[in-house]
Amino acid sequence: MAAERGTTTIADEVVEKVAGIAAREVPGVYDLGGDVARVFAAVRDRIGLGEGEGESANRGVSVRLEGRTATVRVTLVIEYGFVVYSVAEKVRTKVISSVENLLGLEVTAVDIVVDDVHVEDKDQERTGNDEARAADYA
């Protein structure tokens with residue numbers, strides 16, 4: 001972006017972060033990222049590396065910038081019980097609005113990939129604790 005006294009460059013990561021935050025605000029979005037991204041995040045958490053604040057926000061979002069236009073791709077995990085098409089459309093609208101209003105870019109497309117559906121596990125305590133489950137069989 002050219003200005004009277006210099007230029008402004010917006011990094012892809014900034015657009016990814018804004019789009020990721022916008023997508024997470026939509027009801028019905030459980031998480032962002034595909035299976036591989038979520039597995040790596042879980043491994044990093046277990047070994048104590050964790051994610052930086054920015055890594056979590058833009059995981060599952062990729063951007064292609066060409067001048068003042070942006071094409072965004074968002075990979076979603078939807079909560080079970082929400083209408084997938086409705087959630088995807090709300091994410092698309094929210095991402096376009098946020099990127100255009102906050103960054104002054106024109107969004108030409110927001111492509112959405114629904115990678116998974118999250119189902120809340122009611123028996124999480126039982127399935128997560130093998131010792132306790134084994135004690136029931138003794």
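Just so it is clear, the model here is predicted, and its values are computed rather than measured. The figures here come from the full heavy-atom set of this structure, side chains too, leaving out hydrogens, waters and symmetry mates.
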Out of curiosity, [X] [atom1] to [Y] [atom2], how far, rounded to the nearest 0.5 Å?
X   : Y    : atom1 : atom2 : value
E66 : T108 : CD    : OG1   : 7.5 Å
E79 : E120 : CD    : CD    : 6.5 Å
L76 : R24  : CG    : CZ    : 10.0 Å
D31 : T75  : CG    : OG1   : 11.0 Å

Restricting to non-hydrogen atoms, name the atom on [X] and the atom on [Y] that form the minimum distance, rounded to 0.1 Å.
X   : Y    : result
G33 : D115 : O-OD2, 4.2 Å
L32 : A23  : CD2-CB, 4.0 Å
I10 : L103 : CD1-O, 3.5 Å
A88 : I112 : O-CD1, 3.0 Å

Which residue in the set V99, V72, T93 passes side-chain contact (heavy atoms from CB on, under 4.5 Å) when paired with V110?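 When side-chain contact (heavy atoms from CB on, under 4.5 Å) is applied between V110 and each of V99, V72, T93, only V72 qualifies.
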
Can you tell me which residue pairs pass the salt bridge (Lys or Arg N to Asp or Glu O under 4.0 Å) test with a partner in residues 92-109, sequence neighbours excluded?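 Listed by first then second residue: E25-K94, E89-R92.
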
I would like to know whether L105 and V15 meet side-chain contact (heavy atoms from CB on, under 4.5 Å); could you show each step before the answer? CA-CA 9 Å; L105 299 172; V15 182; 3.7 Å; yes

Is there a continuous path of hydrophobic side-chain contacts, each under 4.5 Å between heavy atoms, that joins V107 to L102?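 As far as the 4.5 Å side-chain criterion goes, L102 and V107 are connected within one cluster.
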
Answer yes if V113 and V84 sit in the same cluster of Ile, Leu, Val, Met, Phe, Trp and Tyr residues linked by side chain heavy atoms under 4.5 Å apart, and no otherwise.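 No.
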
Quick test of your reading of the model: are R64 and D12 salt-bridged, counting only N-O distances below 4.0 Å?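 Between D12 and R64 there is no salt bridge, as every charged N stays at least 4.0 Å from the carboxylate O atoms.
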
Exam field: side chain R68 to backbone G104, donor-acceptor pair closer than 3.5 Å: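 At least one qualifying donor-acceptor pair exists.
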
Hey, does V74 have a side-chain heavy atom less than 4.5 Å from the side chain of D111?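 Sidechains of V74 and D111: no contact.
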
Does the side chain of V77 reach to within under 4.5 Å of the side chain of V117, using non-hydrogen atoms?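 When only atoms from C-beta onward are counted, V117 and V77 do not touch, as no gap falls below 4.5 Å.
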
Can you list every pair that meets ring-ring contact (aromatic ring centres under 6.0 Å, His included) and has a residue in residues 72-119, with sequence neighbours left out?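 Pairs touching residues 72-119 that pass the test: Y30-H118.
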
Stepwise side-chain contact (heavy atoms from CB on, under 4.5 Å) check, T71 with V63: CA-CA 6 Å; T71 303; V63 172; over 6 Å; no

